[in-house]
Amino acid sequence: MEDIQTYDLGPEPHINYNDTHPTFGYDYYSFDDYVYVYDYEHEYSIFDFEIVIYGYIWPVLVIITFLFNCLAIVGFLRKHMRTSANIILVFISISDSLTGLVTLPATFYVFSREQMWLSKDWCNATMITRLYISRAFHTISVWETVLLGFQRFLHVRHPAAANRWCTIKKTIGIVAVVYVLSFLLHMYHAFDIKASHGFCHWVLEEPCGWGCAYIWASFILGHAIPCVALVAFTTLMLRSVSLRPVNTSFDNNVRRRREQKRNMTIAVLLIVVIFLIPELPYGLFYLLTMILKLSVQKILPLKTNRIIHATYELALVLSFHLNFWVYCVMMRSFRAGIKTLFKMARCKEGTFSELERERTSSQKMSYELVGVSEKEAEDVKKM
């Protein structure tokens, strides 16, 4: 994601500019240099803190998150782990990873090399990956999280409806629709020109027209509705967990199954809360920016805007990474599967039979993963 910019590009020593058009200081450039820079290069403003964040911290966090998400995907795609909820967790891991990975080529080129002068092609590549593709994948993650919360809500409050609607095929179909609609939502950035007048930026013209329509649609569909829905699901699930009677059954299997369902509800709650920590403040900031732009025709200073945006993106990628540790702490079968994978990675010849017996025994565990039902467990056993 990227901030809305005006022509105010920061205190660069070799540039003078005003609200109408940029002009270059001739104390630093000859006329020939001016013509070349203005016609063939585009200024992309970079602040010192962005070089540190996006040039060094961001790539490391994105790559680490991607590697841990690969482990999560492998763990959840094991044959006895394939449930509708776990398929959602796989899709969340994929879209979370791609949200950051698609930005890395432009990030390395622009921020790691401190490249503030971009060709038209590099400007378009940078802005499209950050404003269009990355945003689309993040919107996909947002709605996948909503779907996860909704499915768990059904399992907690309406188990019969959950058994009927929360199937693997229907889940995959819903996720496919989410992919299509998310890319359509941000299609505006695929056609809006970002390299113009010697600058590489997104500017809302006056009247803003389609630009304002896109901003409001992005806010409502990408922030407001998902956050409100998740807060509602979280509140209802917390109430269900707190009101559930203490388990006094003497049947170990019944007691263990109830405890596992409770743990999985808590796991989903943790995933939702981790998701909301960066999204709620940024949603309010997004709303404030739109109100300022539409009411007084001003926005926050560019540096302030960039600081808030960089903080949000760091919090976002950290939240992606924290999901893996929620799986490890709250899901015993997932944890056991990851341990088996590591053992297989370093095992010697002749130990595979032992690991296979361990894997088979782990299949006999109760299906403790999010949203799994008895009917779904039987379907998995038949696969």
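In this text, all values refer to a predicted model and were calculated from it rather than measured experimentally.
For Ala136, the side-chain contact (heavy atoms from CB on, under 4.5 Å) criterion is met by Phe183, His186, not counting sequence neighbours. Remark: Thr65 pairs with no residue by the side chain to side chain donor-acceptor pair (under 3.5 Å) rule, at least two apart or across chains. Residues meeting the ring-ring contact (aromatic ring centres under 6.0 Å, His included) test with Phe68, sequence neighbours left out: His321, Phe324, Trp325. Remark: Trp143 engages no residue in a ring-ring contact (aromatic ring centres under 6.0 Å, His included) (not counting sequence neighbours). For Phe111, the ring-ring contact (aromatic ring centres under 6.0 Å, His included) partners are Tyr54, not counting sequence neighbours.
Closest heavy-atom contact between Ile168 and Thr83: CG1-C, 3.8 Å. Taking both residues in full, the closest heavy atoms of Gly55 and Pro59 are given as O-CG, 3.8 Å, listed atom of the first, atom of the second, then distance. Contact record, Met331 with Ala267: CE-CB, 4.4 Å, taken as the closest heavy-atom pair. Val142 and Gly222 get closest at one heavy-atom pair: CG1-O, 3.9 Å. The heavy-atom pair separating Met81 from Ser333 by the smallest distance is SD-CB, 4.0 Å. Closest of all the heavy-atom pairs between Thr129 and Thr126 is OG1-O, 3.0 Å.
Cluster membership check: Leu284 does not share its hydrophobic cluster with Leu292, using side-chain heavy-atom separations under 4.5 Å among Ile, Leu, Val, Met, Phe, Trp and Tyr. If you chain together hydrophobic residues whose side chains sit under 4.5 Å apart, Trp165 and Val156 never meet in one group. Residues Leu77 and Leu89 are members of one and the same hydrophobic cluster, defined by side-chain heavy-atom contacts under 4.5 angstrom among Ile, Leu, Val, Met, Phe, Trp and Tyr. Both Leu230 and Leu287 are members of a single hydrophobic cluster when ILVMFWY side chains are connected at heavy-atom separations under 4.5 Å. Hydrophobic clustering (ILVMFWY, side-chain heavy atoms < 4.5 Å, transitive): Ile64 and Ile92 are in one cluster.
Residues Glu144 and Ser95 are in side-chain contact: their nearest non-hydrogen atoms beyond the backbone lie under 4.5 Å apart. Using a 4.5 Å heavy-atom threshold, the side chains of Thr145 and Pro226 count as separate. Thr107 places a side-chain heavy atom less than 4.5 Å from the side chain of Arg130. Proximity of Ile271 to Tyr327: side-chain heavy atoms (C-beta onward) are separated by under 4.5 Å at one or more points. Proximity of Ile338 to Phe342: side-chain heavy atoms (C-beta onward) are separated by under 4.5 Å at one or more points. Proximity of Leu104 to Ile63: side-chain heavy atoms (C-beta onward) are separated by under 4.5 Å at one or more points. Counting heavy atoms from C-beta outward, Glu114 and Ile46 have side chains that stay 4.5 Å or more apart. You'll find the side chain of Leu98 stays beyond 4.5 Å of the side chain of Phe66, heavy atoms only.
A donor-acceptor pair is defined here as one N or O able to donate and one able to accept, closer than 3.5 Å; no such pair exists between the side chain of Asn305 and the backbone of Pro301. Arg78 places a side-chain N or O within donor-acceptor distance of the main-chain N or O of Gly75, the cut-off being under 3.5 Å. Here the side chain of Glu50 pairs a donor or acceptor atom with the backbone of Phe47 at under 3.5 angstrom. Although no hydrogens or angles enter the test, the distance criterion places no donor-acceptor pair under 3.5 Å between the side chain of Lys339 and the main chain of Phe334. No donor-acceptor pair closer than 3.5 Å links the side chain of Ser84 to the backbone N or O of Thr171.
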Notebook entry, point to check: Under the side-chain contact (heavy atoms from CB on, under 4.5 Å) criterion, do Arg152 and Leu148 qualify, and how do the steps go?
Noted result: CA-CA 6 Å; Arg152 190 56 196 168; Leu148 177 67; 5.8 Å; no

Next item on the list: Apply side-chain contact (heavy atoms from CB on, under 4.5 Å) to the pair His138 and Phe320, showing each step before the final yes or no.
Entry: CA-CA 11 Å; His138 179 55; Phe320 297 162; 3.9 Å; yes

Checklist line | side chain to side chain donor-acceptor pair (under 3.5 Å) assessment of Glu279 paired with Ser319 | finding: CA-CA 10 Å; Glu279 289 296 336; Ser319 71; over 6 Å; no

Next item on the list: Give the C-alpha distance, both sets of side-chain angles, the deciding distance and a yes or no for side-chain contact (heavy atoms from CB on, under 4.5 Å) between Ile51 and Tyr56.
Entry: CA-CA 7 Å; Ile51 294 173; Tyr56 302 99; 4.2 Å; yes

Next item on the list: Take Phe108 and Arg113 through the side-chain contact (heavy atoms from CB on, under 4.5 Å) test and state the conclusion after the steps.
Entry: CA-CA 7 Å; Phe108 281 124; Arg113 298 178 55 186; over 6 Å; no

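Using cut-offs of 30° and 60° on the angle between ring planes, the pair Phe91 and Tyr179 is perpendicular. Between His189 and Tyr214, the ring planes are perpendicular. Angles over 60° get that label, and only those under 30° would be called parallel. The aromatic rings of Tyr286 and Tyr282 sit perpendicular, their planes meeting at an angle over 60°, well past the 30° parallel limit.
Cluster partners of Ile277, by chain and number: Val273. The rule joins Ile, Leu, Val, Met, Phe, Trp and Tyr whenever side-chain heavy atoms lie under 4.5 Å apart.
A distance of 8.0 Å separates OG1 of Thr99 from CD1 of Ile140, quoted to the nearest 0.5 Å. To the nearest 0.5 Å, atom CD of residue Glu43 and atom CZ of residue Phe199 are 6.5 Å apart. Going from atom CD1 of Ile308 over to atom NZ of Lys303 covers 13.0 Å, rounded to the nearest 0.5 Å. Note: Leu316 CG to Asp96 CG = 7.5 Å, rounded to the nearest 0.5 Å. Arg335 CZ to Thr340 OG1: the interatomic distance, rounded to the nearest 0.5 Å, is 12.0 Å.
Relative to the ring axis of Phe153, Arg239 does not place its NZ or CZ within 45° and under 6.0 Å from the centre.
Few gaps surround CH2 on Trp216; more than 12 heavy atoms of other groups in view lie less than 6.0 Å from it.
Between Trp122 and Tyr109, the ring centre distance stays below 6.0 Å.
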